[in-house]
K.L.:
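One structure follows; several queries about it will come next.
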Amino acid sequence: MSGKRQATLGQVLPTGTWSEPDPAPEAAAEPTPAVTPVPADAEAALPPADKEKPTVPTPASLFRRPKRRIVESDDEPELAQKPSLPNPKAAKASDDGPASTPAPARADAPAQGKPKPSPKQAKKKAAGKASKSKSNEAEDDSDSDSPKGSSAGPSSSSGPAPAAQSSDSGSSPWTRGQPVPYKTLCATFELIQATTKRLEIQSHLTDLFRSVIDLSPQCLIECVYLCINRIGPEYEGKELGVGESLLVKAVANAMGRDVKSIKAELDQVGDLGTVAQSKGHQKTIFSAKPLTVTSVFAALKAISNISGQSSQQRKIDAIQKLLVSCSGSEAKFLIRSLEGKLRIGLAEQTVLMSLAHAAALSDSKIAAMPSEKRAAMMAEAAAKIKQVYSAIPSYDLIIPALLEYGFQHLEDHCHMTPGIPLKPMLAHPTKSLTEVLDRFEGMAFTCEYKYDGERAQIHKLENGTVVIYSRNSENLSGKYPDIIERIPNVPKPGVKSFVLDCEAVAWDVKKQCILPFQVLSTRKRKDVQTTDIQVQVCIFAFDLLFLNGEVGTGLDCAKPLITETLKRRRELMYESLNEIEGQFQFAKSMTSSNVEEIQTFLDDSVVGNCEGLMVKTLEKDSSYEPSKRSRNWLKVKKDYVNGLGDSLDLVVIGGYIGRGKRTGWYGGYLLACYDEDREEYQTICKIGTGFSEDQLAEHAELFKPHVIPGPKPYYKYSDNPNVRPDVWFEPAQVWEVKAADLSISPVHKAATGTIDPNKGISLRFPRFIRVRDDKSPDQATTAAQVAEMYRSQNINPIKGTNMGAADDDFEY
DNA sequence: GTTATGGTTAATC
DNA sequence: ATCCGACAAATTCGG
DNA sequence: CCGAATTTGTCGGATGATTAACCATAAC
């Protein structure tokens with residue numbers, strides 16, 4: 001089956017051009033892989049990671065699944081094994097005909113070359129040809145197991161001269177200096193997708209990057225962005241403006257099918273990319289120029305720039321045009337890129353590491369080192385890249401510097417710069433104060449209120465400019481002009497610039513108190529004028545990441561503080577800035593290791609409308625370097641604590657067909673509470689997290705006999721397409737669910753008429769806890785109880801929550 | 001043409 | 001946001 | 001003291017409610 005591999009991959013190609021005479025185009029356009037570092041020296045090659053794993057072919061193929069399951073299924077197609085979901089839509093659509101035809105895109109991709117395809121699947125695959133191509137050398141077959149073992153680093157990285165192979169279709173050779181063929185990238189994606197081992201993924205990506213650095217370094221940035229699925233630095237705020245709905249239309253157009261049939265197939269296959277790939281069968285126009293990383297990236301940017309009248313249609317057209325040029329697995333990944341999720345098991349951290357390793361190995365001296373030394377250099381490169389990235393997380397800046405100066409001197413050219421947002425430090429959820437004490441035992445630590453607002457990283461530059469970034473590095477300056485105006489009043493004399501980590505919280509100016517998150521979220525987001533702000537905000541600062549003109553030290557040069565201890569950073573923050581009541585305050589904090597004191601502090605925070613506490617070490621491991629440990633802080637919320645928090649027993653009345661990892665099961669369910677007076681079930685939320693895979697499977701099975709064709713007359717629900725379930729159930733089971741809060745809902749119906757005349761109540765952060773077999777549906781939490789829970793959480797009367805009364809609450 | 005309504009998307013948590 | 005699962009890394013255990 | 005067993009930490013990807021912005025289209 002893999003004939004081709006041998007021929008092409010086995011040999012060392014001259015650096016330069018690889019084109020490959022490969023015929024077999026028609027054959028279902030097999031993607032082929034791609035990049036292989038060719039071991040130049042005798043080192044002979046640690047064979048690059050080949051993912052030869054003996055894994056059984058994954059059927060649904062496209063998604064990695066727990067090994068356990070794979071094993072079980074062994075030779076049964078996994079799909080078959082999953083309880084098939086009743087799917088009205090699908091059923092219906094099925095007559096559309098085409099749906100069935102496209103044999104599910106045989107993605108075989110991941111399928112290992114491994115033989116052992118299950119019966120049915122086997123045929124498809126076989127036919128499809130699985131040329132599994134691996135990225136290793138010829139003999140890969142034999143050596144199979146990965147050497148990757150230890151640290152030596154991902155195997156593949158060994159050989160010095162990287163080489164790349166274009167894959168099959170002679171249509172896309174990769175020539176030095178020319179743009180990287182998109183097919184090459186996709187081939188790497190296929191390899192990555194075939195495994196769950198991170199080191200292996202890393203090594204495949206390293207191979208690709210090495211080749212790119214060697215052959216077409218100008219494409220490195222684009223490759224990196226495509227790998228992490230972005231079209232530029234986050235702070236530039238570029239968005240594709242393309243969602244599933246548009247994509248489905250585009251795919252339908254491109255394939256000459258109707259939207260309904262595409263949707264039906266999507267439900268069945270669980271991945272729109274796969275659906276689109278099956279287009280491969282209709283073979284694309286010859287004239288279409290092969291896509292390159294550069295052209296695809298440019299196209300994505302172009303799509304993001306489309307706006308205005310008929311922009312939707314223009315986007316669809318643009319996407320369709322791209323799709324038509326796709327062959328092999330390109331369509332699959334292109335669609336997934338547009339969806340914003342590659343779902344390959346690859347994301348930022350892995351990309352960063354691969355980049356570092358590739359950079360190291362692209363240095364011929366390093367590549368030639370004995371493996372131990374080489375591994376050490378790779379580790380050093382990794383550490384440097386991480387460090388630099390935590391100070392200035394911008395590929396636009398790092399990659400050019402990396403290419404020009406190499407990783408050793410990267411830090412001299414890339415350093416923290418006010419105006420460029422840092423990745424925020426995150427917190428790890430903690431179940432109890434006891435757990436906190438355990439973790440931080442023997443270390444100095446401090447507690448702060450966890451405010452319920454929006455993360456805000458405030459940069460004040462020397463030139464007076466103030467910029468605010470969100471948790472995801474989006475520029476919030478247009479949303480908070482009021483904050484920007486007040487910031488100049490904050491620094492003490494001598495403080496010229498700084499970067500602060502804060503939480504922006506909705507603030508009741510009259511009552512001088514904090515308002516709930518739901519109020520904050522109603523703030524306008526774009527081009528806000530200070531004069532017509534409806535929701536005032538108070539900033540609660542809790543960390544200082546950069547300071548110029550350090551008070552008291554006379555220091556005059558720009559000073560990044562991220563490597564300082566929290567203790568020091570906080571001292572500097574207190575020394576350098578002034579609080580302004582109701583506008584700019586420091587997060588309330590307390591340092592103690594006494595459990596009772598901390599417990600009291602926690603209780604107070606909740607009473608004060610906060611979510612709980614953040615707990616942070618003051619000295620040891622207290623630097624602000626997300627790359628070191630992005631979740632180095634702990635958070636304690638009352639709803640994490642067992643037995644505390646809002647827990648409800650709700651009835652399952654509907655299910656949603658799962659996607660990706662959950663293909664073949666329900667990905668989520670619709671829950672309702674019981675209204676005793678009206679004798680009806682009122683929706684309160686959907687739920688999609690908290691269950692193990694086993695439970696997911698059990699649930700799918702259990703509800704099978706309870707599926708009903710339509711909602712019961714005594715179900716109160718919204719017909720909003722986001723709420724209406726794919727499948728309805730009769731009331732059969734009660735689940736215990738936990739939530740952080742209750743909110744007024746625009747779509748759910750629980751307790752409608754009690755808190756708000758027209759709106760129901762819903763849950764914030766709902767998650768599945770367990771099945772309540774001891775309760776029948778009519779013993780579920782009642783609407784009255786829901787209403788009571790809602791009332792009891794507003795200790796501090798908030799006006800904003802009730803939209804009806806919202807009018808009276810602005811002004812001051 | 002302008003306005004109201006509805007659907008989609010991306011952003012926050 | 002919460003949560004789960006696969007890996008990798010770190011730590012402890014047993015001889 | 002080393003290798004095996006166990007625990008802890010990282011990372012990636014499923015999924016939640018809610019809102020403003022934007023666009024398409026219907027209503028006027």
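The shown structure was predicted, so the numbers you read here are calculated from the model rather than taken from an experiment. Each chain gets a letter, A, B and so on, in the order the sequences are listed, and its residues count up from 1. Note: hydrogens, waters and symmetry copies are ignored here, and every other heavy atom, side chains too, is used.
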K.L.:
C:dT2 phosphate, OP1 or OP2: any side-chain N/O from A:Lys635 under 4.0 angstrom?
P.N.:
yes
K.L.:
Quick one: which of B:dT8, D:dG16, D:dT19 gets closest to the side chain of A:Ser521?
P.N.:
D:dT19
K.L.:
Counting any heavy atom closer than 4.0 Å, what does A:His748 reach on the DNA or RNA strands: base, sugar-phosphate only, or nothing?
P.N.:
sugar-phosphate
K.L.:
Mind checking A:Arg471 for me? I need base, sugar-phosphate or nothing, with any heavy atom below 4.0 Å counting as a touch.
P.N.:
sugar-phosphate
K.L.:
Do the side-chain N or O atoms of A:Lys637 get closer than 4.0 angstrom to the phosphate oxygens (OP1, OP2) of C:dT2?
P.N.:
yes
K.L.:
Hey, does A:Lys249 reach any base, or is it just sugar-phosphate, or nothing, if we go heavy atoms under 4.0 Å?
P.N.:
nothing
K.L.:
Work out which heavy atom in A:Tyr656 is nearest to a heavy atom in A:Pro725; give both atom names and the distance.
P.N.:
CE2-CA, 3.4 Å
K.L.:
I need the CD-P distance between A:Glu698 and C:dC4, as an integer number of Å.
P.N.:
14 Å
K.L.:
Could you check whether A:Arg767 gets within reach of a base, just the sugar-phosphate, or nothing at all, counting any heavy atom under 4.0 Å?
P.N.:
sugar-phosphate
K.L.:
Just to verify, which of A:Glu698, A:Gln695, A:Glu693, A:His699 counts as forming a side-chain contact (heavy atoms from CB on, under 4.5 Å) with A:Trp665?
P.N.:
A:Glu693
K.L.:
Side chain of A:Gln349 only, heavy atoms from C-beta on: which candidate in D:dC11, D:dG13, D:dG16 is closest?
P.N.:
D:dC11
K.L.:
Once you apply a heavy-atom cut-off of 4.0 Å, does A:Lys738 come out as touching a base, just sugar-phosphate, or nothing?
P.N.:
nothing
K.L.:
Nearest whole angstrom, please: distance from the C1' of B:dC13 to the CZ of A:Arg525.
P.N.:
11 Å
K.L.:
Going by distance alone, is a donor N or O of one side chain under 3.5 Å from an acceptor N or O of the other, for A:Tyr389 and A:Glu348?
P.N.:
yes
K.L.:
Are A:Tyr790 and A:Asp741 linked by a side-chain donor-acceptor pair shorter than 3.5 Å?
P.N.:
no
K.L.:
Students often get this wrong, so: under 4.0 angstrom with heavy atoms, is A:Gly308 touching a base, only sugar-phosphate, or nothing?
P.N.:
sugar-phosphate
K.L.:
Taking CD1 from A:Ile201 and P from C:dA6, how many angstroms apart are they, rounded to a whole number?
P.N.:
14 Å
K.L.:
For A:Leu763, report the nucleic acid contact type (base, sugar-phosphate, nothing); a contact means any heavy atom under 4.0 Å.
P.N.:
sugar-phosphate
K.L.:
Taking the nucleotide of DNA chain B with the closest heavy atom to each, which residue, A:Gly453 or A:Leu246, is nearer the 5' end?
P.N.:
A:Leu246
K.L.:
Do the side-chain N or O atoms of A:Lys479 get closer than 4.0 angstrom to the phosphate oxygens (OP1, OP2) of D:dT19?
P.N.:
no
K.L.:
Let me know, please, whether A:Asn632 or A:Val528 comes out on the 5' side of the other along DNA chain D by nearest nucleotide.
P.N.:
A:Asn632
K.L.:
Side chain of A:Cys685: nearest nucleotide among D:dG13, D:dA17, D:dT15?
P.N.:
D:dA17
K.L.:
Roughly how many Å is it from CG in A:Asn722 to P in D:dT15, rounded to a whole number?
P.N.:
13 Å
K.L.:
Please pick, from B:dA11, B:dT9, D:dG9, the nucleotide with the shortest atom-to-atom distance to any side-chain atom of A:Arg629.
P.N.:
D:dG9
K.L.:
Both A:Glu348 and A:Ser745 contact DNA chain D. Taking the nearest nucleotide for each, which residue is further toward the 5' end?
P.N.:
A:Glu348
K.L.:
Can the ring centres of A:Phe703 and A:Tyr669 be said to be less than 6.0 Å apart?
P.N.:
yes
K.L.:
Rounded to whole Å, how long is the line connecting atom CG of A:Asp756 with atom P of D:dT18?
P.N.:
12 Å
K.L.:
Counting any heavy atom closer than 4.0 Å, what does A:Phe691 reach on the DNA or RNA strands: base, sugar-phosphate only, or nothing?
P.N.:
sugar-phosphate
K.L.:
Expressed as a whole number of angstroms, how long is the span from A:Leu240:CG to B:dT9:P?
P.N.:
11 Å
K.L.:
Might you work through the salt bridge (Lys or Arg N to Asp or Glu O under 4.0 Å) test for A:Asp452 and A:Arg764, ending with a clear yes or no?
P.N.:
CA-CA 12 Å; A:Asp452 190 7; A:Arg764 175 143 85 143; 2.5 Å; yes
K.L.:
Given the C1' atoms of B:dA10 and C:dA1, what is the spacing between them in whole Å?
P.N.:
15 Å
K.L.:
Touch check for A:Arg314, heavy atoms < 4.0 angstrom, all strands: base, sugar-phosphate only, or nothing?
P.N.:
nothing
K.L.:
Calculate the interatomic distance between A:Trp735 atom CH2 and D:dG16 atom P; express it in whole Å.
P.N.:
12 Å
K.L.:
Return no unless some side-chain N or O of A:Asn472 is found under 4.0 Å from OP1 or OP2 of B:dA11.
P.N.:
no
K.L.:
For D:dG13, does OP1 or OP2 lie under 4.0 Å from any side-chain N or O of A:Lys661?
P.N.:
no
K.L.:
Of all the nucleotides listed (C:dG5, D:dG12, D:dT15), which has the minimum atom distance to the side chain of A:Ser692?
P.N.:
C:dG5
K.L.:
Hey, is the side chain of A:Gln313 poking within less than 4.0 Å of OP1 or OP2 on D:dA24, counting only N and O atoms?
P.N.:
no
K.L.:
Assuming nearest nucleotide by heavy-atom distance, tell me which of A:Glu503 and A:Gln312 is located more 5' along DNA chain B.
P.N.:
A:Gln312
K.L.:
Side chains of A:Tyr717 and A:Asp719, heavy atoms from C-beta outward: is any pair under 4.5 Å?
P.N.:
yes
K.L.:
Is A:Glu625 salt-bridged to A:Lys628, cutoff N-O under 4.0 Å?
P.N.:
yes
K.L.:
Expressed in angstrom and rounded to an integer, what is the separation of A:Asp694 atom CG from C:dC4 atom C1'?
P.N.:
11 Å
K.L.:
So which nucleotide from D:dC11, C:dA9, B:dC13 ends up closest to the side chain of A:Leu199?
P.N.:
C:dA9
K.L.:
Side-chain N or O of A:Thr522 less than 4.0 angstrom from OP1 or OP2 on D:dT18?
P.N.:
no
K.L.:
Under 4.0 Å, heavy atoms only, any strand: does A:Ser630 hit a base, just the sugar-phosphate, or nothing?
P.N.:
nothing
K.L.:
Determine the contact category for A:Pro746: base if any of its heavy atoms lies under 4.0 Å from a base atom, sugar-phosphate if only primed atoms, P, OP1 or OP2 are that close, otherwise nothing.
P.N.:
sugar-phosphate
K.L.:
Side chain of A:Thr689 only, heavy atoms from C-beta on: which candidate in D:dA14, D:dA24, D:dG13 is closest?
P.N.:
D:dA14
K.L.:
For D:dG9 and A:Arg439 - does any side-chain N or O of the residue sit under 4.0 Å from the phosphate oxygens OP1/OP2?
P.N.:
yes
K.L.:
Taking the side chain of A:Ser743 as its heavy atoms from C-beta onward, which of D:dA24, D:dT18, B:dC13 lies nearest to it?
P.N.:
D:dT18
K.L.:
Name the closest nucleotide to the A:Tyr640 side chain, picking from D:dT15, C:dT2, D:dA17.
P.N.:
C:dT2
K.L.:
Counting any heavy atom closer than 4.0 Å, what does A:Gly667 reach on the DNA or RNA strands: base, sugar-phosphate only, or nothing?
P.N.:
sugar-phosphate
K.L.:
Nearest to the side chain of A:Arg455, which nucleotide is it out of D:dG13, D:dT18, B:dC13?
P.N.:
B:dC13
K.L.:
Taking it one step at a time, do A:Arg523 and A:Asp482 satisfy salt bridge (Lys or Arg N to Asp or Glu O under 4.0 Å)?
P.N.:
CA-CA 12 Å; A:Arg523 250 187 90 118; A:Asp482 45 341; 3.0 Å; yes
